[in-house]
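When a ligand or atom number is given, it counts from 1 through the structure's own listing order. Note that the structure is a prediction, hence the values are computed from the model and not measured.
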Amino acid sequence: MELSVVKGNFEKEVCDVLVLYAFQTKKEEGGVVLPTDIALKGLLTKVMSEERFKGGSGQALFVRTDGLIPAKRVLILGLGKKEDLTLETIREATAVGFQAARSLKTKKIVLVIPCENEALFDVQDVTHAMTEGVRLAAYTFSRYKKQKKNGVISFVVMAADPKVVSLAKKGMAQGELFSKGTLFARDLVNTPAHHMRPIDLVDVAKEIAKKNPAITVRVFGKDRLEKMGAGGILGVAQGSEHAPYMVHMIYKPSVRTKKRVALVGKAVTFDSGGLSLKPADYMMTMKQDMAGAASVLGAFCVMSEISPKLEVHGIFAAVENMPSGKAIRPGDVLVAMNKKTVEVLNTDAEGRLTLMDTLCYAQKQKPNCVIDLATLTGACVVALGEEITGVMSNDQTLTQKILFAAKAAGENMWELPLEKSYKKLIKSTIADIQNIGGRYGGALTAGLFLQEFVDPKMPWAHLDIAGPAFAERDINTYTKKGATGHAVRTLLEFLQTF
Ligand code: BES
Ligand code: ZN
Ligand code: ZN
């Protein structure tokens, strides 16, 4: 599939489908308006009214042109009401257009830029969203399919004004990078755990560093982790046949800077629950438990091209959580890298045990802030549903920056409190702290647990992505069942505007 921006007149362009976007208006204003006037005007209006096409968001209508213009058909995509328009509507509508065009087995599709003359959004942001709509909707995970889908379709975004063309090209390039990072993360998460072991995640990081001179990688094996006192990482890993690794990637910008951000990802390649074994239904999708690290790797895979003007550290501890004769037992006590002792009452609350050490290590890099991403608790999914990430932070400025970036990226995030009075729920009778809270508020007690390993002066945010990282059903036209690559676009947006 090829995407491009071309200067030209779409009314005169030969193609299989010409895509136009339409707003929904009140009845007295005529029902639907096409933002552009074309040679076919009468026909389109007639068919739209015959088919009762109202321009509602998500609606799509094909109209055959019968040789009146060189395009074989026009595809009208509804954007809903103009006053409700968001970039997300454009992303989704374009994805609907992609799907409709693909079902017709078309080869060349020409798209106009919606609301090009309306100054509602920057052309660059609009073409960025359109590109994501197409690329993310076109994704399939075909590694294990005999029949691979690969039709050649070219998408041409067309504008007449050279200034618009140049802005659109920039927007499309951005959209391509954001999509590439997201799809990279999707592939990692969709890959089953027997092909995505801790060592495989190490190789992925090394591969990224090999391709990008601005990125270096350090890998710490079991011996080094023992010397570092990473009791949590080692404790979780001890039941598995696969050795644990800590991976530390560093991106250095070409410009001199003192700004430094650390991104920490949960990287449990498979979470069986350990001796606190999960029921079969809950275990079925637990290859997703490295999605936090996958998002960090997704961001790193396009980092050099996004080229943020700050140093970025990507850190994760890759482990597998398995039951065995060597596995950690409920009741065992682990010592974290900062010497705090943890009573492990449930071996299925393993993410926080690996993160406690990883957070300690991340802070030693002296970053300006630390952001961790983790498929940490089922409780967060109960609280916010499957499509919203829970954000817990000790710093309001950082929270606002993350929520702002998420909004711009079209990803759903919502703040949850680090409620001090709930700290009593993770007090242990025999150690400094225990790894589970009570029956309720599980996302918050997990956040509070992590906070025990963060310097109060270090701006830190914890993103519980347990819901959105992996879709149990289709979410929208461009996010289908399976891994979503959630949070990659928010991270890139955040770094770009830091
Ligand atoms: N990896 C799971 C959390 C999870 C659940 C991720 C659903 C994605 C979808 C985590 O390690 C876990 O098992 N958490 C437990 C914690 C409990 C034992 C305190 C949970 O949420 O049940
Ligand atoms: Zn678990
Ligand atoms: Zn887990």
Distance-only N or O hit between ligand 1 and [X], under 3.5 Å:
X: Glu350; result: yes
X: Gln288; result: no
X: Thr377; result: no
X: Ile436; result: no

Please state which protein non-hydrogen atom is closest to [atom] and give its distance, to 0.1 Å?
atom: atom 6 (C) of ligand 1; answer: Thr375 O, 3.6 Å
atom: atom 2 (C) of ligand 1; answer: Asp271 OD2, 3.5 Å
atom: atom 15 (C) of ligand 1; answer: Asp348 O, 4.1 Å

Nearest-option assignment for atom 7 (C) of ligand 1, heavy atoms, candidates Met283, Met286, Lys278, Arg352:
Met286
Any ion pair linking Arg197 and Glu320 (charged N to carboxylate O, less than 4.0 Å)?
no
N-O pairing of Lys266 and Asp372 below 4.0 Å:
no
Using the rule side-chain hydrogen bond (donor to acceptor under 3.5 Å, both in side chains), only one of Asn321, Asn346, Asp348 pairs with Ser276; which is it?
Asn346
Closer than 2.8 Å to the Zn ion (ligand 2), what protein N/O/S atoms do you find?
Asp271 OD2, Asp348 O, Asp348 OD1, Glu350 OE1
I need the atoms of ligand 1 closer than 4.0 Å to a non-hydrogen atom of [X], numbered in the order shown.
X: Asn346; value: 18 (C)
X: Gly378; value: 3 (C), 5 (C), 20 (C), 21 (O)
X: Lys266; value: 1 (N), 10 (C), 11 (O)

Near-ring test Phe270/His242, centroid separation under 6.0 angstrom
no
Can you check whether Phe98 and Phe155 have ring centres sitting under 6.0 Å from each other?
yes
Non-hydrogen protein atom less than 4.0 angstrom from atom 13 (O) of ligand 1:
yes
So which bit of Glu472 gets within less than 4.0 Å of ligand 1, heavy atoms only: side chain, backbone, both or neither?
neither
Using a heavy-atom cut-off of under 4.0 Å, does the side chain or the backbone of Leu376 touch ligand 1, or both, or neither?
backbone
Under 30°, 30 to 60°, or over 60°: which ring-plane class applies to Tyr361 and Phe220, parallel, tilted or perpendicular?
perpendicular
Quick one: sort the His462 and Trp460 rings into parallel, tilted or perpendicular, breaks at 30° and 60°.
parallel
Please confirm whether the backbone N or O of Ser393 pairs with a side-chain atom of Thr399, one donor and one acceptor, at under 3.5 Å?
no
Does even one non-hydrogen atom of Val381 get within less than 4.0 Å of ligand 1?
no
Shortest non-hydrogen contact from [X] toward [Y]:
X: Val247; Y: Ala205; result: CG1-CB, 3.6 Å
X: Val189; Y: Gln288; result: CG1-CA, 3.8 Å
X: Met413; Y: Val391; result: CB-CG2, 3.9 Å

Any chance the side chains of His128 and Glu132 put a donor and an acceptor closer than 3.5 Å?
yes
Would you kindly say whether Tyr139 and Asn190 are connected by a side-chain donor-acceptor distance under 3.5 Å?
yes
